[in-house]
Amino acid sequence: MTTYLQDKDDIKYNEMLKKKIAKLKKKRNAVIITHNYQRDEVQEIADISGDSLALAQAAVRTDADVIVFCGVHFMAESASILNPGKTVLLPVVEAGCPLADMVTPEKLRAAKKHHPDAAIVCYVNTSAEVKAESDIACTSSNAVEVVKSLKEKKIIFVPDKNLGRYVQSQVKNKEIILWEGFCPTHIRVQEEDVIRTKKLHHAAEFIAHPECNPEVLALADHICSTGGMFTYVKQSDSKEFIIGTESGMLYKLQKENPEKSFYLPTQNLVCANMKLITLGWVAHSLEKMVYEVKVAPDVRERALKTLEKMLRVTGEKKSAAISGY
Ligand code: 13P
């Protein structure tokens, strides 16, 4: 299990912060939503945790006044687009997503001009402005379903080329135009890392996130979103798993499956942006009511259509392994 705690003083400090957060949460009528990549101690204070789809669904359903979003900027932005009546706070304003920055609305508009007959599918890891230029959004758990739902035969898929390539392998009757984007964390997993870890743990199944390179995905026993990993591990008879995604996943996997063992193919699977959020920043966020994430009304209206179309495709089906509902 990953842990960022150094000594007893840190543990005491974190307990004090947790009490402070609980009090402030009550005062603000807030809900704490955390992504599966957050630090262990931040996941511990979650009211709702899950993958990107689960968190978008949670943002629509909550009746709290304030959503404290422990994730990265595009996630908080999606929550604000989907539920504009709420105050959405991102505890650390710098927590961005380098993958989301790899597509801009200007570049997307230029690509649309080149392929006027193509539908634009944007991964949720994009800005509100890019969503506003797109036809439909998707997450890693519903990307195949979303692309299959479209009548267009040609799709511009932004920005993750690995996820796009994976979708193409599952949807043969459409042409997917890939974007040159990638997740700097997932591409750190190399084939050699998986082969070496498999040699050490012969019986382990390898589960990979579709943002990994194709050579790595070719070695996977199962490919799915972070939420899908919880469901897969629970139903599998295997006792050992190699996890091809960000290290934060190990916290809940180990907690929910104490009899099973989990290994990372490489130790550098850490998203620095996700790890910016600490208990101290969550307390600060609730105390000062910062940093509010809001989207300009004209952009919001168009981005909302893109997100709502995705949610209609997924329907009322709850995303895999959401906890806290
Ligand atoms: P999930 O939707 O699988 O949680 O993925 C989120 C993400 O940003 C991966 O880099």
Side-chain angles (χ1 to χ4, degrees), residues 33-38 42-43 46 48-59 69-79 82 90 95-103 121-127 130-131 137-146 157-167 179 181-189 207-213 216-217 220 222-233 243-253 264 268-277 307 310-311 313-314 317-324:
I33 295 184
T34 71
H35 186 264
N36 295 322
Y37 295 160
Q38 288 290 294
V42 174
Q43 292 194 51
I48 296 163
S49 69
D51 65 9
S52 306
L53 178 60
L55 300 187
Q57 290 171 328
F69 214 112
C70 300
V72 289
H73 190 269
F74 76 82
M75 295 178 174
E77 200 174 54
S78 294
L82 288 163
L90 181 66
C97 172
L99 168 61
D101 295 339
M102 290 178 193
V103 55
V121 178
C122 69
Y123 195 21
V124 277
N125 302 41
T126 45
S127 67
V130 166
K131 288 185 178 81
C138 72
T139 70
S140 57
S141 71
N142 63 16
V144 172
E145 203 180 350
V146 162
F157 191 96
V158 297
D160 192 282
K161 63 179 174 187
N162 290 331
L163 177 61
R165 209 178 270 125
Y166 169 69
V167 173
W179 200 263
F182 58 88
C183 164
T185 304
H186 283 94
I187 62 147
R188 287 187 206 135
V189 187
I207 315 176
H209 194 277
E211 288 178 23
C212 291
N213 287 324
V216 169
L217 293 183
H222 188 62
I223 299 168
C224 60
S225 73
T226 60
M229 290 185 185
F230 295 108
T231 317
Y232 186 79
V233 164
I243 303 298
T245 193
E246 212 273 348
S247 59
M249 275 298 294
L250 266 57
Y251 165 74
K252 212 162 76 181
L253 279 172
L264 290 171
N268 63 4
L269 275 174
V270 178
C271 170
N273 282 280
M274 284 282 180
K275 286 347 189 215
L276 284 174
I277 295 174
L307 282 168
M310 169 188 81
L311 292 176
V313 169
T314 308
K317 199 167 54 179
K318 223 187 250 180
S319 177
I322 182 164
S323 50

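Please read these numbers as outputs of a predicted model, since none were measured by experiment. Read the numbers this way: they start at 1 and go in the same order the structure lists the ligands and their atoms.
Donor-acceptor pairing under 3.5 Å is lacking for the side chains of Ser225 and His209. Under 3.5 Å, the side chains of Tyr37 and Gln43 contain no donor-acceptor pair of N or O atoms.
Using a 4.5 Å heavy-atom threshold, the side chains of Asn162 and Ile187 count as touching. Between His35 and Leu55 there is a side-chain heavy-atom pair separated by less than 4.5 Å.
Side chain of Glu246 to backbone of Cys271: a donor-acceptor contact under 3.5 angstrom is found. In terms of modelled atom types and a separation under 3.5 Å, the side chain of Arg188 and the main chain of Val270 share a donor-acceptor contact.
Every protein residue with a heavy atom nearer than 4.0 Å to ligand 1 is included here: His35, Tyr37, Asp51, Ser52, Asn125, Ser140, His186, His209, Glu211, Ser225, Thr226.
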